[in-house]
Amino acid sequence: MPCIPGLCFTKRRPFAMAALSDDPIQEWILTEGKATQITRIHPIGGGCINLANRYDTDAGSFFVKTNRSIGPSMFEAEAIGLGAMYETGAIRVPKPFKVGPLRNSGSFIIMEFIEFGASRSNQSVLGRKLAEMHKAGKSIKGFGFPVDNTIGSTPQINTWCSDWIQFYGEHRLGYQLKLAQDQYGDSTIYQKGQRLIKNMEPLFENIVIEPCLLHGDLWSGNISSDKNGEPVILDPACYYGHNEAEFGMSWCAGFGESFYSSYFEVMPKQPGFEKRRDLYLLYHYLNHYNLFGSGYRSSSMSIIDDYLRMLKV
């Protein structure tokens, strides 16, 4: 794989940490970032987990996220995911530049600043470019990712596995079900969910599943467009998985007919797609249940019960 200047992903090693200083962010911008002066720093929307700022300089603008509560590992994983998507050349993502610790506590990530356009990306173009990323981003190691990362603030385990059904059952559905049992004492959803995991293999009959690079958390808040109207995707939870799993957040993404038509022109629809769709929604409903509470339990349980009836188990 090619190397991004300053960040090499070929061996998937952790990023070199920025040297501790009074302000390691400004230190990097004024040295490796090639700027001689920072003209403005102003806050922009960065979600509910991190703080985000735009740094304007005489060498261009940078997007910086910081978190005073965690070490660099979360941002390292994000940068590796951004870098993997960037390397495909298929769809625009912010180019990551630097990850490091803040002084005293916390961490930061510096990346390319992309000026967003006035409207969301064209659905047809987004579908085609996402499919091109899935087609280009392949793994010889199987399903997983070089590092664990997070989906929202929930840990996402990406240990390599050669079997997709095993990977999805253990590291996606199984992990969320165990979290619900531990957090809420919800033995009902855990036991029924485990029955589904043990019996879901028929949903994958007559298809070949290749590991594709997934964004992993593709909802409307992580989709935009640049000034030229080209799609931009950001804030990933990347891993290599079944391409259909990318649509697991479709209930929050607003994908329309033109999106799917363009997508399937590049990555043809596989037999049984409709039967598996809710299985991939389930992971994200369970995650929302674990993150935000009981309002998402009924949707999760409904999907599990429907599959148990369908599979007659």
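FYI, the numbering just counts along the sequence from 1.
Once rounded to the nearest 0.5 Å, the distance linking CD1 of I157 with CG of D148 reads 4.0 Å. If you take CZ on R172 and OH on Y283, they are separated by 4.5 Å, rounding to the nearest 0.5 Å.
Ring planes of Y280 and W164: tilted class, angle from 30 to 60°.
Membership of an apolar cluster is not assigned to V125, as no side-chain contact below 4.5 Å to another ILVMFWY residue is traced.
Among residues two or more places apart in sequence or in another chain, the side chain to side chain contact (heavy atoms under 4.5 Å, CB included) test is passed with S302 by D306. With sequence neighbours excluded, the residues that form a side chain to side chain contact (heavy atoms under 4.5 Å, CB included) with N67 are I49, N50, S69, I70, M74, F75. Residues satisfying the side chain to side chain contact (heavy atoms under 4.5 Å, CB included) test with D226, not counting sequence neighbours, are R92, I114, N228, E230, V232. Among residues two or more places apart in sequence or in another chain, the side chain to side chain contact (heavy atoms under 4.5 Å, CB included) test is passed with N222 by H215, D217, W219, D235.
Between the N290 side chain and the A180 main chain, a donor and an acceptor come within less than 3.5 Å of each other. With hydrogens and angles disregarded, a donor-acceptor distance shorter than 3.5 Å links the side chain of R195 to the backbone of V313. When atom types are taken as modelled, the side chain of E112 and the backbone of K95 share a donor-acceptor pair closer than 3.5 angstrom.
Because its NZ or CZ atom is not both nearer than 6.0 Å to the ring centre of F108 and within 45° of the ring axis, R68 does not count as a cation-pi partner of that residue.
Between E170 and I165, the closest side-chain pair of non-hydrogen atoms is not below 4.5 Å. Using a 4.5 Å heavy-atom threshold, the side chains of Y168 and F143 count as separate.
For Q183, the CD atom is densely surrounded, since the number of other residues' heavy atoms within 6.0 Å is greater than 12.
Judged as a salt bridge (Lys or Arg N to Asp or Glu O under 4.0 Å), the pairs with a partner in residues 238-263 (not counting sequence neighbours) are, in order, E244-R276.
In this structure, the ring of Y55 has its center no less than 6.0 angstrom from the ring center of F113.
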